[in-house]
Amino acid sequence: LNLSVSWLGMKMSSPLFNASGVYCRTREELEQVRRSAAGAVVTKSCTLEPRAGNPEPRYRRTALGSINSMGLPNEGYRYYLDYAQAYDDAKPLFLSVSGMTLDDTLTILTELAALKLPCLPEVNLSCPNLPGKPQLGYDFAASAEALEAISRRYARPFGVKLPPYFDPAHFAAMAAVLNAFPLLRFVTCINSVGNGLVIDLDSESAVIKPKGGLGGLGGDYVLPTALANVREFAVLLADKHVIGCGGVKSGAEAFMHILAGATAVQVGTCLHEEGVSAFDRIEAELAAIMQAKGYQRLEDFRGRLKTL
Ligand SMILES: C=Cc1c(C(=O)O)[nH]c(=O)[nH]c1=O
């Protein structure tokens with residue numbers, strides 16, 4: 001069985017890696033993922049300056065997944081550029097960028113370009129947890145403007161982290177924007193499903209503090225939405241890669257994401273709860289499913305979802 005993935009000049013020994021935001025804020029966490037069975041590593045979205053993020057409690061596990069309103073806590077972009085400069089592992093490293101303004105994002109990307117590092121940026125168009133800031137990915141004109149500026153100023157291959165879309169007209173509109181940028185080589189679908197509200201029956205209270213309890217949902221809650229976004233963009237963005245993210249907790253969901261068209265698959269909530277041993281377990285489960293179905297390689301079933 002061969003579970004490796006080769007794409008954009010990179011080789012991943014496993015199709016699994018962390019979702020930005022999980023196990024990737026500090027060097028220690030990044031090193032745990034790098035030394036794990038994960039096929040790649042992605043950093044916590046970074047801003048120009050370090051950020052403490054939103055008041056706690058700001059993350060909660062639930063029976064069906066998670067809710068978070070972290071508020072973009074990170075060590076500042078230089079910390080992650082330093083980590084990338086010292087990084088000498090064959091395992092691909094992605095740098096997630098989420099500047100508070102487009103200018104900040106361009107500044108970060110310009111410094112990344114100057115370092116001529118092999119790591120690709122995953123530009124976050126979808127943070128749902130900055131009070132007062134709408135998700136850029138839901139504003140098609142603003143997204144086009146950002147992608148135009150990034151293409152001109154960064155002028156190298158990059159990817160974007162997209163929010164979930166829920167309407168074929170929006171899939172089409174965003175795909176039209178994304179297809180206008182040949183340097184945009186991959187999209188990661190999806191970020192958390194924004195602004196859910198988890199209520200605790202006993203306390204009759206929201207369970208996280210920021211935004212009156214509103215936060216991004218992950219885990220079982222989001223799997224069908226994640227799979228729909230992966231499949232729609234895999235079809236609409238014919239010459240780009242789609243990275244699946246959302247609801248992966250076993251080999252089954254990883255298989256579904258790849259069947260829907262994902263080149264590789266990120267793990268968020270499950271990784272946060274289980275730790276990096278989740279990568280070994282999920283990979284073994286994926287291999288067992290492939291074995292049972294007679295597939296040797298991921299290419300044997302990638303994008304081959306049947307419809308009725
Ligand atoms: C970068 C901020 C994000 C955050 C956050 O830091 O609150 N949480 C998410 O679920 N997705 C994000 O994109």
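In what follows, residues are counted from 1 in the order of the sequence shown. In listed order, ligands and their atoms are each counted from 1. All values below come from the heavy atoms of this structure, side chains included, with hydrogens, waters and symmetry mates left out.
- Every atom of ligand 1 with a heavy atom of G71 under 4.0 Å away is listed here by number and element: 5 (C), 6 (O), 7 (O).
- The aromatic ring centres of Y83 and Y87 sit less than 6.0 Å apart.
- Counting protein heavy atoms only, atom 8 (N) of ligand 1 is closest to N68 OD1, 2.9 Å.
- For K91 (side chain) and A38 (main-chain N/O), a donor-acceptor pair under 3.5 Å exists by modelled atom type.
- Partner of T263 under the side-chain hydrogen bond (donor to acceptor under 3.5 Å, both in side chains) criterion, out of H241, R302, H257: H241 alone.
- Heavy atoms of K44 found under 4.0 angstrom from ligand 1 belong exclusively to the side chain.
- Of the polar atoms of N129, at least one N or O is found under 3.5 Å from an N or O of ligand 1, judged by distance alone.
- For E274 and K249, the salt-bridge test fails: no basic side-chain N is under 4.0 Å from an acidic carboxylate O.
- We find that E56 and K209 are not joined by a salt bridge, their nearest charged nitrogen and carboxylate oxygen being 4.0 Å or further apart.
- Taking 4.0 Å as the cut-off between side-chain N and carboxylate O, E29 and K44 do not count as a salt-bridged pair.
- Ligand 1 lies out of reach of G194, whose nearest heavy atom is not under 4.0 Å from it.
- If you look at S45 next to ligand 1, the close heavy atoms, those under 4.0 Å, all belong to the side chain.
- Between W7 and F186, the ring planes are perpendicular. Angles over 60° get that label, and only those under 30° would be called parallel.
- In this structure, C127 is part of the shell of residues with a heavy atom less than 4.0 angstrom from ligand 1.
- With a 4.0 Å heavy-atom cut-off, ligand 1 is reached by no atom of N54.
- Every atom of ligand 1 is numbered from 1 in the order shown, and the set under 4.0 Å from a heavy atom of S192 is 9 (C), 10 (O), 11 (N).
- Using a 4.5 Å heavy-atom threshold, the side chains of K161 and S96 count as separate.
- Numbered from 1 in the order shown, with element, the atoms of ligand 1 that lie under 4.0 Å from a heavy atom of L72 read 1 (C), 2 (C), 5 (C), 6 (O), 7 (O).
- Taking 4.5 Å as the limit, every side-chain heavy atom of Y295 sits out of range of all side-chain heavy atoms of L286.
- Only the side chain of N191 comes within contact range of ligand 1, with a heavy atom under 4.0 Å; no backbone atom does.
- Judged by the shortest distance from any of its heavy atoms, G21 lies outside the 4.0 Å radius around the atoms of ligand 1.
- Set against the non-hydrogen atoms of P73, the atoms of ligand 1 under 4.0 Å away are 6 (O).
- Under 4.0 Å is where a charged nitrogen must lie from a carboxylate oxygen, and between E31 and R35 at least one such pair does.
- Contacts of L130 with ligand 1, taken as heavy-atom pairs under 4.0 Å, are absent altogether.
- Considering both main-chain and side-chain atoms, G216 never comes within under 3.5 Å of ligand 1 through any nitrogen or oxygen pair.
- Contacts with ligand 1 closer than 4.0 Å are made by side-chain heavy atoms of P128 only, the backbone lying farther away.
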